[in-house]
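One structure is given here, and the rest of the page talks about it.
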Amino acid sequence: MLTITIITAMVIGVGLALFSLISSYSEVSRLKSSEEVTNEILVLRSAISADYVFGGNAYIRNTGKEPVVIFRLIVLNNGTLVWDSGIKKIIELGVGEVDKVTYECPSCRDSDPIVLQVHYIPSKLYDPSNPELINPTSNVVLFRVESFPVERVSLGSEGICPVSSNWIWSDFVDPIEEGIGGELSNLLKIRLSKASVSKDVELQITIKDEYGNLAEGSKTLPSMSNVDETVELQSSNVLKYPVEITLSIKDQGWNIMPEKWYFGREETSYVDLVKILWDSLSYRVIGVFVKAYHDDSGTYKVTVNMYDCYGDLIAYGSSEKEVEAYIWEEYNIALSSNPIITDVYFVEINIVDVSPLVTVTKTITETVTTTTTRTFTSTVTVPLTTQTITSTITSTSTRWTTIATRTLTTTVTRTTTVYSPTTTRTRTVTVTLPTTTRTTTATITSTIGTTVATKTVTSTVTSSSTVATTTQTTTITLGSTTTKTEIKTEIVTVTATTTRGSSTVSSSEHNAFNAITLALVVPVIFSSVLRVFRNGGRKV
């Protein structure tokens, strides 16, 4: 019985130990399997793409959902390994980031079928101590490989201008301004996006404004980088739009397109930056992006003209927008044609204000001087003779303002004809009487406070035959500074009418009776007029 008990205990103990061992292994296996699944998910969430691969440069973009590390580059020429970077951390890319990697391709030609292999791994799984980057306890590969064909430059023979063996294409230029007044700083941004071969070159830049002021600078840059480069310029004067920008390569045998850029301006607007849109497969220009600043609201039109190496217009386009003041506006301009990039030597951008014209109405105040003629007729009856005396008084009144005006004088003449059934016979006789002149002056002085006012009235009567002219000049002086002068002139015409029998005869017969009548009447009229003037125009 004891033996059976011992054996049973041993069996149970071994079974428990075996069960415990199996359970532990199962748990480890389960955890390991779960970890492998998690790592595999990280790998599956990782992805990259290449913006372009050419000339020893490749721009890699992280298009996945996990940060990645690129740890190896391999170059294949027609399927044969020609270059290997080795296993090392080359670059790390966050989600959505893009960065440049460089590679080599010994003895490769542009026409060779070249492929770049990029090896990458999720950043969470990257272990610098494990050069193989493969978990030895797992069959799962923790990294991925993407292959990208190297782009071949193929311009064809469609171009008009001769192409050098070494050329550079620049598609972006941005002069940096000081504030928003259109004055340039000493910096310019530029991008060299395509070249016949990747090599460091010295780029030279010259900017000239409309007054002949110059800004110059140079910088050594990669012939093809596809990123914005900033070049510092030197100038003794402040430049202001519009400007002409000239690009050149100091290295012998190199040329750059476009060579010249013109950034125009309007009175309240100027072109800020220009980017040429082009097809990386056909190397043809497809459009232009322009950013402009507007200091005033209105409708503006941006135009683009492209010229080849012979000065001929090969493409053009425009875009029009209504904008508000104090903003930078973007213009996308389609072109009339799509020239090859090596034919674009000069790019001209202008901006014009095409806002509708506004009519402004101005009010002009005028001073009008009006002349009024009043005629008074009085009849004096003497024995056997009826005389009609007509006097004409002309007065002028003027209203004025403080602004420059023009004077408009209007004269209206009205004639009234009266028909009489009486038979009238008219005989005119000239009566010659001597001309007499009489002048009378009256002065009145009064004191108002401390101001002395003086009024001087001068009357001159001139009479001859049938006409008497009276001129009255009134001068009023206040103190020693203010003077007002008023002149009145009265002309009296004497006509004698004689009635004989049943007919009326109007005459100025030269006989003693008429002469006596004129001699008697005219002085009476003059004396009455003088009394009126001497009393300041009041009737006596």
Side-chain angles (χ1 to χ4, degrees), residues 170-191 205-217 228-247 258-277 285-307 313 315-336 344 346-363:
S170 174
D171 61 2
F172 174 79
V173 175
D174 178 16
I176 306 301
E177 298 84 18
E178 293 280 4
I180 58 176
E183 296 181 351
L184 302 185
S185 69
N186 63 337
L187 299 176
L188 180 137
K189 285 186 177 181
I190 190 169
R191 181 163 60 211
I205 299 174
T206 301
I207 302 180
K208 181 174 69 174
D209 66 9
E210 62 179 341
Y211 302 106
N213 298 319
L214 295 177
E216 298 176 311
D228 298 346
E229 301 283 356
T230 302
V231 181
E232 185 174 356
L233 308 174
Q234 302 295 328
S235 177
S236 57
N237 298 296
V238 177
L239 278 68
K240 194 170 184 178
Y241 289 112
V243 295
E244 184 178 87
I245 303 170
T246 302
L247 308 177
E259 288 185 348
K260 293 184 181 295
W261 303 69
Y262 178 81
F263 283 49
R265 75 165 296 156
E266 198 268 346
E267 183 178 358
T268 59
S269 304
Y270 59 82
V271 176
D272 179 44
L273 63 85
V274 178
K275 184 182 186 306
I276 300 177
L277 309 177
V285 176
I286 58 177
V288 178
F289 172 82
V290 177
K291 191 175 183 181
Y293 173 77
H294 301 285
D295 198 34
D296 195 5
S297 58
T299 304
Y300 295 88
K301 183 177 182 180
V302 175
T303 61
V304 175
N305 294 321
M306 291 186 175
Y307 301 87
L313 181 65
Y316 60 89
S318 64
S319 178
E320 186 175 309
K321 281 190 177 183
E322 184 175 352
V323 302
E324 299 295 331
Y326 313 116
I327 66 167
W328 277 267
E329 185 64 33
E330 297 177 350
Y331 298 83
N332 288 292
I333 302 173
L335 298 175
S336 59
V344 182
F346 179 34
V347 179
E348 179 186 43
I349 306 97
N350 284 294
I351 184 168
V352 181
D353 186 350
V354 293
S355 303
L357 296 178
V358 178
T359 301
V360 179
T361 302
K362 294 184 178 180
T363 302

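Sequential numbering from 1 along the given sequence is applied to the chain's residues.
Glu348 pairs by the salt bridge (Lys or Arg N to Asp or Glu O under 4.0 Å) definition with nothing, not counting sequence neighbours. Taking Phe172 as the reference, nothing meets the ring-ring contact (aromatic ring centres under 6.0 Å, His included) condition, with sequence neighbours excluded. Every residue was checked against the side-chain hydrogen bond (donor to acceptor under 3.5 Å, both in side chains) condition with Ser170, not counting sequence neighbours, and none meets it. Take Asp228 and apply the side-chain hydrogen bond (donor to acceptor under 3.5 Å, both in side chains) test, not counting sequence neighbours, and it matches Arg191. Applying the side-chain contact (heavy atoms from CB on, under 4.5 Å) rule to Asp353 yields the partners Glu266, Tyr300, Ser355; only residues at least two apart in sequence or on another chain are considered. For Thr246, the side-chain hydrogen bond (donor to acceptor under 3.5 Å, both in side chains) partners are Lys260, not counting sequence neighbours. When the side-chain contact (heavy atoms from CB on, under 4.5 Å) test is applied to Thr230, the partners found at least two apart in sequence or on another chain are Leu187, Lys189. Lys208 meets the salt bridge (Lys or Arg N to Asp or Glu O under 4.0 Å) test with no other residue; sequence neighbours excluded. Residues that satisfy the side-chain hydrogen bond (donor to acceptor under 3.5 Å, both in side chains) test with Asp209, not counting sequence neighbours, are Asn213. Val238 pairs by the side-chain contact (heavy atoms from CB on, under 4.5 Å) definition with Glu183, not counting sequence neighbours. Shown here are the side-chain contact (heavy atoms from CB on, under 4.5 Å) partners of Glu259, two or more places apart in sequence or in another chain: Tyr345.
Dense packing is recorded around CD of Glu210, with more than 12 heavy atoms of other residues, nucleotides or ligands lying under 6.0 Å away.
Taking CD1 from Ile207 and CD1 from Ile245, the interatomic distance works out to 5.0 Å, rounded to the nearest 0.5 Å. Distance CZ/Arg265 to OH/Tyr270: 8.0 Å, rounded to 0.5 Å. Between the OG atom of Ser185 and the CD atom of Glu178 there is a distance of 5.0 Å, given to the nearest 0.5 Å. Between the CG atom in Asn305 and the OG atom in Ser318 there is a gap of 9.5 Å [rounded to 0.5 Å]. The OH atom of Tyr211 sits 12.5 Å away from atom CG of Asn237, with the distance rounded to the nearest 0.5 Å.
Using a 4.5 Å heavy-atom threshold, the side chains of Asp174 and Ile190 count as separate. Here the side chains of Val354 and Glu320 are in contact, with some heavy-atom distance below 4.5 Å. Counting heavy atoms from C-beta on, the side chains of Ile276 and Met306 come closer than 4.5 Å. You'll find the side chain of Asp296 stays beyond 4.5 Å of the side chain of Tyr326, heavy atoms only. Between Val304 and Ser319 there is no side-chain heavy-atom pair separated by less than 4.5 Å. Side-chain contact check for Thr303 versus Ile349: every heavy-atom pair is 4.5 Å or farther apart. Using a 4.5 Å cut-off on side-chain heavy atoms (C-beta onward), Ser297 and Val323 make no contact.
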* **Derivation of the side chain to side chain contact (heavy atoms under 4.5 Å, CB included) call for Tyr293 and Ile327** => CA-CA 6 Å; Tyr293 173 77; Ile327 66 167; over 6 Å; no
* Kindly indicate, with the supporting measurements, whether the criterion side chain to side chain contact (heavy atoms under 4.5 Å, CB included) is fulfilled by Glu244 and Thr206. => CA-CA 8 Å; Glu244 184 178 87; Thr206 301; over 6 Å; no
* To do: With side chain to side chain contact (heavy atoms under 4.5 Å, CB included) as the test, would you mind laying out the steps for His294 and Glu329 before giving the verdict?
  => CA-CA 8 Å; His294 301 285; Glu329 185 64 33; 3.8 Å; yes
* Asked: Step by step, would you call Leu188 with Ile176 a side chain to side chain contact (heavy atoms under 4.5 Å, CB included)?
  -> CA-CA 6 Å; Leu188 180 137; Ile176 306 301; 5.8 Å; no
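Of the N and O atoms on the side chains of Glu177 and Tyr241, at least one donor lies less than 3.5 Å from an acceptor on the other residue.
Summarising the geometry of Pro175 relative to Asp272, their closest heavy-atom pair is CD-O, 3.6 Å, with the distance given to 0.1 Å. Residues Ala325 and Asp295 approach most closely at CB-O, 3.9 Å, considering heavy atoms. Taking both residues in full, the closest heavy atoms of Val274 and Trp261 are given as CG1-CZ3, 3.8 Å, listed atom of the first, atom of the second, then distance. A pairwise comparison of heavy atoms in Gly264 and Asn350 identifies CA-OD1, 4.1 Å as the closest pair. Taking each heavy atom of Val271 and Val290 in turn, the nearest pair found is CG1-CG1, 3.9 Å. Here the shortest heavy-atom pairing between Leu335 and Gly317 reads CD2-N, 4.1 Å.
Ring geometry, Phe346 versus Tyr307: the interplanar angle falls under 30°, so the pair is classed parallel (tilted spans 30 to 60°).
For the pair Lys291 and Glu330, the salt-bridge criterion is not met [side-chain N within less than 4.0 Å of a carboxylate O].
Panel note: side chain Ser235, backbone Leu214; a donor-acceptor pair is recorded below 3.5 Å.
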